[in-house]
Amino acid sequence: MSTSYKPEIVEQAAQDHWADARSFEVSEDPDKEKFYCLTMFPYPSGKLHMGHVRVFTISDVIARYQRMQGKHVLQPMGWDAFGMPAENAAIQRGVPPARWTYDNIDDMRGQFRRLGYAYDWTREVTTCRPEYYRWEQWLFTRMFKKGLVYRKNSVVNWDPVDQTVLANEQVIDGRGWRSDALVQRREIPQWFMKITAYADELLDELDRMPGWPESVKTMQRNWIGRSEGVELSFDVAGEDEPLSVYTTRPDTLMGVTYMAVAAEHPLATKTAAHNPEIAAFIEECKKTDAAEATLETMEKKGMPLGISAIHPLTGDDVPLWVANFVLMSYGTGAVMAVPGHDERDWEFAKKHGVPIKQVIAPADGTEIDIDEAVFVDKGVLVNSGEYDGLDYEGAFNAIADHFEKTGRGRRAVNYRLRDWGVSRQRYWGAPIPIIYCDDCDAVPVPEDQLPVVLPENVEFTGVGSPLRNMPDFYEVQCPACGKDARRETDTFDTFVESSWYFARYACPDNATEMLDERAKYWTPVDQYTGGVEHAILHLLYSRFFQRVMRDEGLTDVSEPFTNLLTQGMVLKDGAKMSKAKGNTVDPQELIEKYGADTVRLFMMFAAPPEQALEWSDEGVQGSFRFLKRFWNAVAEHAAGGPAPPLDAAALDDAQKALRRKTHRTIAKISDDIGRRNSFNTAVAAAMELLNAVNKLDSDSDTGRAVKREALEAVVLMLSPMVPHICHALWAELGHETPLIDQAWPDIDESALELEMIELVVQVNGKLRARISVPADADKSAIEQLAIADENVQRFTDGKELRKIIVVPGRLVNIVV
RNA sequence: GCCGGGAUGGCGGAACUGGUAGACGCGCCGGAUUCAAAAUCCGGUUUCCGAGAGGAAGUGGGGGUUCGAUUCCCCCUCCCGGCACCA
């Protein structure tokens with residue numbers, strides 16, 4: 001092979017080989033150790049972007065590495081095919097969402113193939129197909145029967161002009177993206193899944209998941225937000241119903257100076273009926289979107305309702321306010337306010353002239369002025385009557401006991417986590433399998449009538465869901481009583497599809513069961529890779545669904561993903577690539593210009609996987625240049641014919657040094673890929689080894705043998721990253737069996753041994769010299785050598801040696 | 001606002017368990033090759049002082065622990081991700 005590196009030819013040949021040999025199609029072989037390697041499946045937007053190339057390459061490297069370790073590797077691919085972009089495309093271009101989606105899938109599948117990923121395409125899953133979503137409909141009906149789903153009111157963004165529910169991202173500065181109308185928050189009935197029933201299990205299991213990043217586990221813990229507190233009730237003057245609130249700080253109860261209820265709260269509605277100012281304020285409160293970030297950052301507003309609650313301990317009047325930051329659908333729709341000891345309450349009280357009362361004093365006896373600064377730490381109770389002097393725990397228990405004894409409250413565990421609202425007022429999603437009957441209420445669609453198929457040939461206008469205008473779809477008979485009834489026209493949140501697809505890859509063709517024996521073989525996923533942006537929602541919903549499937553008897557597995565790798569974004573000029581910013585780079589062009597291997601190599605080399613990756617055109621050229629050097633080095637060596645067997649005893653010092661480097665590099669790269677997911681340093685180490693081969697000026701038989709060993713190691717170890725070029729070079733080195741069936745190289749421990757090692761000598765922590773010592777030198781010999789060094793003496797001369805620290809194999813620090 | 005993460009040469013990054021700061025690559029500078037250029041190859045490249053040997057400073061900012069801190073602790077700034085209907 002005297003030819004130069006031609007990626008398009010090399011890559012085609014490698015891909016043809018894999019296709020002909022069906023290299024990546026796997027069956028369930030109980031005698032082999034399985035390894036399930038998965039990436040979060042993509043939304044078929046139509047074109048591959050750099051972010052895709054990054055995740056898929058990371059996962060492919062892991063899959064190919066594990067295969068070389070002798071594992072039986074499954075790496076499937078599929079499509080998260082329901083979602084808003086298809087509806088938007090339909091509005092803009094008049095194409096039905098289904099056709100747009102299927103066309104995109106075909107385009108993207110072709111692009112994936114060109115990148116040489118080791119996928120088993122026979123298991124492809126597409127979530128918008130009835131064969132797929134029927135099983136989540138089925139599971140939903142099972143959950144219905146177990147009481148794991150229910151209907152309640154919840155908040156949506158309502159666009160009063162387009163008469164549509166908007167997604168949070170379609171609300172821009174409080175206005176509808178298309179209509180520009182002020183968005184209103186509105187409550188409508190929706191279906192919920194009881195994820196809170198699994199809150200404790202989802203929380204506790206995090207402690208037993210060593211394969212997940214700490215940061216993701218922390219985020220999930222905080223999201224679940226388990227707290228222990230007290231639920232207690234305040235009587236309201238002139239009302240029969242008491243006002244119930246939950247607090248984690250019952251110790252501050254004596255500091256309550258006001259209470260706040262949501263705009264939708266019955267007490268607010270009642271007052272508004274005869275108070276136009278309150279009515280106007282309530283209307284004002286509704287003119288905001290439903291996002292929590294908006295709620296937390298907007299100006300806190302409120303108005304006194306002119307009615308009072310009765311403090312349950314003192315009997316004092318506590319004024320009731322209506323406030324824009326309290327939401328009816330979370331908790332009880334009412335909060336007690338302790339301005340002295342809560343940041344938000346303090347600011348609100350300052351602004352509205354509500355009294356601030358200190359009931360907690362710092363434990364160390366420091367005097368504080370509660371009018372100047374809020375005090376939120378736990379401390380000692382003051383101004384609290386009989387509870388004065390108690391600490392947090394004492395007061396918590398005393399007050400909780402009091403309420404439990406009087407029957408006016410109880411200790412309660414609360415979660416920040418809310419049940420999962422799965423209803424979407426959209427067309428392009430899986431229909432929720434429910435039928436509404438005047439007599440029987442909501443009835444789940446019977447199993448033999450599933451799937452409820454989404455009609456695909458529709459005209460899509462963007463105003464409301466087309467399903468609502470399709471009597472053929474919604475006019476049905478009640479499955480319970482046979483009376484005319486109406487089918488649910490809402491569809492599932494697309495997170496439902498992505499909460500179980502990973503299990504379905506094991507048995508995508510099963511028409512009679514959701515999961516089968518094959519799923520028992522492959523699950524859980526051994527390595528899951530995807531964006532950090534999914535750290536909470538997708539991953540938590542999947543953990544929930546896995547447990548629902550387990551409790552349905554479909555699997556024994558509780559945790560779906562054993563190891564998790566969250567990869568960073570691809571940036572250009574410091575910003576996320578996006579069409580709006582005009583800073584996108586098209587992977588297709590680069591692949592055409594340099595080949596898939598160059599793009600893959602750059603992705604792996606430019607940054608560690610968890611970090612954001614800054615795009616660099618020059619860096620891509622550098623990767624291409626390296627591959628050319630790699631190609632030439634191997635080709636040149638191979639041109640010299642076969643090398644003789646390596647005789648380790650016959651090597652000179654330079655050859656020994658290269659051989660040591662080869663085996664040290666094998667150790668490093670094995671650790672970098674196998675344990676650390678540190679692909680950038682693995683590539684760097686391979687580059688170093690290749691540089692060392694090129695530098696060794698030794699064309700003797702032994703020299704060629706050492707070089708061959710090094711080059712074969714580089715070819716094998718780079719093959720997970722750049723599989724095509726390595727496939728060709730492996731053959732070039734004279735091997736008959738293809739690289740894809742090769743094992744990872746072994747380390748020869750004897751090659752690593754060293755006679756002399758270099759130590760650093762510091763004086764007072766500053767580097768002053770380097771000394772060479774025998775590898776087996778003892779501590780005192782090392783100390784003597786260090787002190788004797790000329791430059792060391794310049795800094796120790798005339799000074800008292802106070803201490804000498806010897807770190808074996810690393811350094812000597814002399815303290816004077 | 002709350003939760004999580006990040007900041008190291010001109011640039012991307014390395015330093016894994018508290019032990020040589022800047023591996024590897026890009027860029028730049030110099031040289032070889034060439035009629036010339038591209039490509040390729042060789043050498044140099046944190047900053048400052050110094051001819052050199054060598055010295056001083058240096059990992060977003062401020063403080064602390066330690067013989068020794070990019071690494072651990074406290075405070076701050078800026079940037080990124082998530083906040084339940086983008087996926």
Side-chain angles (χ1 to χ4, degrees), chain A residues 40 42-43 45 80 82-85 154-157 165-171 190 213-216 218-223 225 290-298 300 325 343-344 416-421 423-426 493-495 498 531-538 540-541 566 568-569 571 574-576 602 605-608 610-623 625-626 628-629 632 671-672 675-676 678 680-681 683-688 691 694 758-767 770 791 794 802-805 807 810-816:
Chain A
M40 293 177 188
Y43 178 81
S45 55
D80 189 11
F82 278 133
M84 284 206 312
S154 80
V155 186
V156 294
N157 300 309
V165 175
L166 298 179
N168 285 337
E169 80 157 5
Q170 296 174 314
V171 179
Q190 312 215 60
E214 253 348 286
S215 57
V216 174
T218 304
M219 281 192 264
Q220 292 213 347
R221 279 190 197 103
N222 293 337
W223 185 261
E292 188 183 298
T294 311
L295 204 68
E296 291 278 333
T297 49
M298 71 186 176
K300 309 291 183 291
F325 56 87
E343 189 92 44
R344 191 177 67 181
R416 207 188 74 93
L417 177 70
R418 306 194 298 262
D419 279 335
W420 176 14
S423 297
R424 295 293 180 270
Q425 296 69 46
R426 296 187 203 297
D493 177 6
T494 56
F495 274 124
S498 57
V532 231
E533 63 271 24
H534 296 294
I536 295 175
L537 294 180
H538 162 61
L540 198 61
Y541 292 149
T566 51
M569 293 179 308
L571 310 178
K576 190 173 178 168
F602 174 73
F605 181 56
E610 311 80 12
Q611 269 179 43
L613 181 151
E614 176 67 31
W615 185 260
S616 156
D617 289 329
E618 290 84 4
V620 178
Q621 274 186 48
S623 293
R625 211 150 46 208
F626 169 77
K628 280 194 287 188
R629 265 203 313 272
N632 293 336
D671 188 52
D672 279 351
R675 180 181 64 91
R676 296 209 299 153
S678 178
N680 54 329
T681 55
V683 173
M687 287 175 168
E688 267 191 75
N691 290 344
N694 286 337
E758 189 180 72
L759 290 187
V760 159
V761 185
Q762 298 179 335
V763 178
N764 285 350
K766 292 199 179 213
L767 175 68
R770 287 160 206 276
N791 202 45
R794 284 180 51 209
R802 288 178 44 198
K803 198 172 173 186
I804 301 181
I805 294 147
V807 182
R810 289 203 175 258
L811 58 69
V812 182
N813 189 12
I814 299 165
V815 186
V816 295

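Values in this document were obtained by computation on a predicted structure and should not be read as measured data. Chain A is the first sequence line, chain B the second, and so forth, proteins listed ahead of strands; every chain is numbered from 1.
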Practice item. State, to 0.1 Å, how close A/Val155 and A/Ala290 come at their nearest heavy-atom pair, and which atoms those are. Key: CG1-CB, 3.6 Å

Name the pairs: protein N/O against N/O of nucleotides 39-50 of chain B, kept only if under 3.5 Å.
none

Review point. Does B/G9 fall in syn (glycosidic angle within 90° of 0) or anti?
Key: syn

**Study point:** Whole-angstrom distance between B/G19 and B/A53, as gauged at atom C1'
**Key:** 26 Å

Check your understanding: Considering only the P atoms, how many Å lie between B/U71 and B/A7, rounded to the nearest integer?
Key -> 11 Å

Point to revise | Value in whole Å for how far the P atom of B/A14 lies from CE of A/Met687 | key: 14 Å

Practice item. State which residues pass salt bridge (Lys or Arg N to Asp or Glu O under 4.0 Å) with A/Arg675; sequence neighbours excluded, sorted by chain then number. Key: A/Asp671

Practice item. With sequence neighbours left out, write down each residue that passes salt bridge (Lys or Arg N to Asp or Glu O under 4.0 Å) with A/Arg344, or none if nothing qualifies. Key: none

Review point. Reading nucleotides 77-87 of chain B from the 5' end, what letters show protein touch, with B for base, S for backbone sugar-phosphate only, - for no heavy atom under 4.0 Å?
Key: ---SBSBBBSB

Review point. In whole Å, what separates the C1' atom of B/U33 from that of B/C26?
Key: 23 Å

Point to revise | Neighbour count above 12 (heavy atom, 6.0 Å) for A/Arg221 CZ | key: yes

Could you run down the sub-3.5 Å N/O contacts of the protein with nucleotides 64-74 of chain B?
unit_1 : atom_1 : unit_2   : atom_2 : d
B/C67  : O2     : A/Asn813 : ND2    : 2.4

Point to revise | Euclidean distance for C1', B/U40 against B/U34 (whole angstrom) | key: 11 Å

Distances for protein N or O near nucleotides 57-59 of chain B N or O, under 3.5 Å:
unit_1 : atom_1 : unit_2   : atom_2 : d
B/A57  : OP2    : A/Lys766 : NZ     : 2.7

Exercise for review: Please list, chain by chain and in numerical order, all residues satisfying salt bridge (Lys or Arg N to Asp or Glu O under 4.0 Å) with A/Arg426, sequence neighbours excluded.
Suggested key: none

Point to revise | Distance, rounded to the nearest Å, where A/Leu759 contributes CG and B/U20 contributes C1' | key: 11 Å

Practice item. Sticking with atom P, work out how far B/C67 lies from B/U77, rounded to a whole angstrom. Key: 32 Å

Study note, to complete from the structure: Here RNA chain B, pairs taken as Watson-Crick or G-U under 3.5 Å and shown with ( ), [ ] when crossing and | when to another strand, reads (((((((..(((......[....)))((((((.......))))))((((....))))..(((((..]....))))))))))))....

Review point. With side chains defined as the heavy atoms from C-beta onward, is the minimum distance between A/Thr494 and A/Tyr43 less than 4.5 Å?
Key: no

Point to revise | Comparing A/Ser678 and A/Val760 on RNA chain B - which has the more 5′ nearest nucleotide | key: A/Ser678

Practice item. Write down the distance separating the C1' atoms in B/G13 and B/A21, rounded off to the nearest Å. Key: 13 Å

Practice item. Return no unless some side-chain N or O of A/Asn691 is found under 4.0 Å from OP1 or OP2 of B/G25. Key: yes

Practice item. Whole angstrom is fine here: how far is it from CD in A/Glu688 over to P in B/G13? Key: 19 Å

Study note, to complete from the structure: The side-chain hydrogen bond (donor to acceptor under 3.5 Å, both in side chains) partners of A/Asp80 (sequence neighbours excluded) come to none

Practice item. Can you tell me, in whole Å, how much space there is between the P of B/C80 and that of B/U8? Key: 15 Å

**Study point:** Same-atom distance (C1') from B/G27 to B/G10, integer angstrom
**Key:** 7 Å

Review point. So what does A/Arg794 hit on the nucleic acid, given a heavy-atom distance under 4.0 Å: a base, only sugar-phosphate, or nothing?
Key: sugar-phosphate

Check your understanding: Can you tell me if the side-chain N/O atoms of A/Asn222 get under 4.0 Å from OP1 or OP2 in B/C2?
Key -> no

Review point. Who are the salt bridge (Lys or Arg N to Asp or Glu O under 4.0 Å) partners of A/Asp672, not counting sequence neighbours?
Key: A/Lys668, A/Arg676

Exercise for review: Nearest whole angstrom, please: distance from the C1' of B/G5 to the CD of A/Glu214.
Suggested key: 14 Å

**Study point:** Minimum-distance pair of heavy atoms, taken over all atoms of A/Trp223 and A/Leu540
**Key:** CD1-CD2, 3.5 Å

Review point. When you check the side-chain N and O atoms of A/Arg794 and A/Asn791, is any donor under 3.5 Å from an acceptor?
Key: yes

Review point. Got A/Gln425 and A/Val156 here, is their nearest side-chain heavy-atom distance under 4.5 Å?
Key: yes

Revision key, fill the gap. Contacts of A/Gln762 meeting side-chain hydrogen bond (donor to acceptor under 3.5 Å, both in side chains) (sequence neighbours excluded), chain-then-number -> none

Check your understanding: With sequence neighbours left out, what residues match A/Glu343 under side-chain contact (heavy atoms from CB on, under 4.5 Å)?
Key -> A/Glu347, A/Val374

Practice item. Take the protein atom CG of A/Asn680 and the nucleotide atom P of B/A15, then report the distance between them rounded to whole Å. Key: 7 Å

Practice item. Would you indicate what A/Ser616 reaches in the nucleic acid, counting non-hydrogen atoms under 4.0 angstrom: base, sugar-phosphate, or nothing? Key: nothing

